[in-house]
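The block underneath contains the structure these notes are about, expressed in structure tokens.
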Amino acid sequence: MKSLVLAEKPSVARDIARVLGCKQAHKHYFEGKQHIVTWALGHLVELKMPEDYDRKYETWRLEDLPIIPKKMGLKVIRQTSHQFRAIERLAKRPDVKDVIIATDAGREGELVARWILEMIGWTKPIWRLWISSQTDRAIRDGFRQLKPGVQFERLYQSAVCRAEADWLIGLNVSRALTTKYNDPLSAGRVQTPTLAMIIEREREIQSFVPVPYWTIRAKIGSITAVWERHGGHRLFDQDKANRLMTRLKGQPARVTSIKRKRKSEPAPLPYDLTELQRDANKRFGFSAKKTLSVLQRLYEQHKLVTYPRTDSRYLPSDMEATMTERLLAMKSGYEDVIAPLLAKGKAKAAKRVFNDDKVTDHHAIVPTDERLNLSRLSTDERKLYDLIARRFLALFFPPYESETTTAVFDIGGEMFVAKETAVVNFGFKAVLGKEETDAKPTLSHLAEGQTLPSVQLEREQSFTEPPARYSEADLLAQMEKYGLGTPATRADIIERLVETEVVERKDGRFYPTKKGKQLIELVNEELKSPELTARWERELEAIARGKGNPQQFLANIRRQTQQLVAEIKQSEQVYKAPNLTNLTCPECGALLKERKTKDGRMLVCSNLQCRYRRRRDPKLSNRRCPQCHRRMEMHEGKAGLYFQCRPCNIVEKADETKRIAAKGSERALLKKYSASNESFGVSLGELFKQALSQKEE
């Protein structure tokens, strides 16, 4: 009898199959003496769409909302159904005794596998492979310590609740907004409060009025001291600043106090996903999506780092014994740092990083014991690995120590303060590449009561500044602060805001668009608040821990869905699509909208039932207008390819046979005409004859 192993991706399945000795390679699986290893392709099964319950929902109508099925159903995703059918056949083999879920060890990974098993109707035992790295050793150890599937039943329930809640709220609210205001408008429990934060910051910036202020500095030899009162150093009254300058001019400076304070700063903890995304954005300008993509390659393909989608920055205590092996594996890339550590004997990381109570489903992101070969990494992979590696190496170094000297001067009865910091021990900052220059001390020769006659006063005018627009790092920090999304989903949420054209990314900062500003006025107040999704995440986490009630959670979501849709239906708000043009659709007569896409500027019909679209700057064909002889524009419409000369108002339908034959592609010809050739008045065989004869000519 054999165990069926279900991985999430083909690449992971290959690694597992190799470790387990499954050498028989088939199209959809690998087989060995004890295991059959197959894979999903991400999700193979999804929640049914409204039209799967009733065909009338294919047409979006406000009166049909809300759509709340009594029981949410599942369906196989058509595009990847071939792989699902293959898994189904394997599951029904009489020699398969149980299944081992080897998808990503997290909420979504659990959902991927469990939905497949549910659709198959699986009734045999379930085991769980739960590992945090993809090295051969981790896979072998994981298979020796398989966990009963029942231990993860609550995690699965949490995943189902999340999926159904997002479907009910997101789909119904988005359809309600879209049909009421006749423009594609998307809303959801995470993306809407995130958009609200971006727009609120924009309001703060637009309403900001700069206020002038003045600072007064005293040059006392080589020392610069700043005027200060009640902890503040800004004067918002110009007359007061002028009077101070006049009164203090020519006054000596007397040292009233000198204080020295030692500071010890321990090495930072290793990265969780969100902090890594923030640092990669600050250092390299990586988007959150790009960081996750590169990190996934380091985890799956190169096996150099542990599981990426983690919200923990701690390590379990049993990992303490693996530190030396990890350092040895990294040595080729960081020998100058690691060699001295190993020369002292067994290297020890900071004790505070090992804390079982603060490790969630996964521990912090750290290097694995896979041998490092930097030459195999791309430039982006090397940059990201270096961030992770140096943060990990910092754990083996002593704290950064500095001494700050604060000198307080009395000049004409006013207080002036000078500070300087000297490095005592660079400690971990030496390996992080954040060494500070040890500036020449200027306060060390001072003594209390000393009077310094040479004082030169300077006054500087500045203006208060508005808050900066959010960078990706800022936005990730805000989303983490308010519990918006999870480390695994935040990157996709940010990209979704850009794709739906409610925000724009310019020079690494986020700007709300006209569409985004209008949308936030239309959407329900409850959806704008980060408290809603934060509450959801707390409840979902409670369900995963066995302390929440999934049935109660979904009952509340259904009630909330009805309330949100009712509010939109009753709303008297007005919306105008900001990208409407004065051009009309040639197929239905509605106004065209201009959209920016990766293919350039496109004109799309504002009528949601019409699929017309064309490039704003259309491609010019080699066909000439029979009247003015200009090159004609080339368009694709419902009736197929056609050419147009706008000045002469001439439209000609393309000769599809000649066009495809000219490309020399019988396969393209087949694809074009196999579904329907009746409208062309000739048989497919006849088209082939025409095409081939034209090629020969």
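The pair Asp380-Lys290 meets the salt-bridge criterion, since a charged nitrogen lies less than 4.0 angstrom from a carboxylate oxygen. One finds a salt bridge joining Glu108 and Arg162 here, because a Lys/Arg side-chain nitrogen approaches an Asp/Glu carboxylate oxygen to under 4.0 Å.
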Result block: side-chain N/O donor-acceptor pairs under 3.5 angstrom for residues 249-258, not counting sequence neighbours:
unit_1, atom_1, unit_2, atom_2, d
Thr256, OG1, Val408, O, 3.0

Would you list the atom pairs, donor with acceptor, under 3.5 Å between side chains in residues 213-224 and any protein atom, with sequence neighbours excluded?
unit_1, atom_1, unit_2, atom_2, d
Thr215, OG1, Arg217, NH1, 3.4
Arg217, NH1, Glu460, OE1, 2.9
Lys219, NZ, Thr224, OG1, 3.3

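The ring-ring contact (aromatic ring centres under 6.0 Å, His included) contacts involving residues 260-292 comprise Phe284-Phe286, where partners must be two or more places apart or lie in separate chains. Sorted by first and then second residue, the salt bridge (Lys or Arg N to Asp or Glu O under 4.0 Å) pairs involving residues 220-246 (not counting sequence neighbours) are Arg229-Glu414.
With sequence neighbours left out, the salt bridge (charged side-chain N to carboxylate O under 4.0 Å, His left out) criterion links Arg313 to Glu275. Applying the salt bridge (charged side-chain N to carboxylate O under 4.0 Å, His left out) rule to Arg309 yields no partners; only residues at least two apart in sequence or on another chain are considered. Judged as a side-chain hydrogen bond (donor to acceptor under 3.5 Å, both in side chains), and not counting sequence neighbours, the contacts of Asp356 are Ser317. Looking at residues two or more places apart in sequence or on another chain, you find no salt bridge (charged side-chain N to carboxylate O under 4.0 Å, His left out) involving Lys576. With sequence neighbours excluded, no residue satisfies side-chain hydrogen bond (donor to acceptor under 3.5 Å, both in side chains) with Asn172. With sequence neighbours left out, the side-chain hydrogen bond (donor to acceptor under 3.5 Å, both in side chains) criterion links Tyr299 to Gln134. Contacts of Glu504 classified as salt bridge (charged side-chain N to carboxylate O under 4.0 Å, His left out), with partners at least two apart in sequence or in another chain: Lys506, Lys596. Partners of Lys419 under the side chain to side chain contact (heavy atoms under 4.5 Å, CB included) rule, at least two apart in sequence or in another chain, are Thr406, Val417.
The closest donor-acceptor contact from the side chain of Glu403 to the backbone of Val424 lies at 3.5 Å or more, if one exists at all. Listed for the Asn524 side chain is no donor-acceptor partner under 3.5 Å among the backbone atoms of Glu526.
Between the side chains of Asn182 and Tyr575, no donor N or O sits under 3.5 Å from an acceptor N or O.
Considering only heavy atoms from C-beta on, Leu248 stays 4.5 Å or farther from Val455 through its side chain.
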Q: Check step by step if side-chain hydrogen bond (donor to acceptor under 3.5 Å, both in side chains) holds for Ser471 and Asp474.
A: CA-CA 5 Å; Ser471 67; Asp474 300 331; 3.0 Å; yes
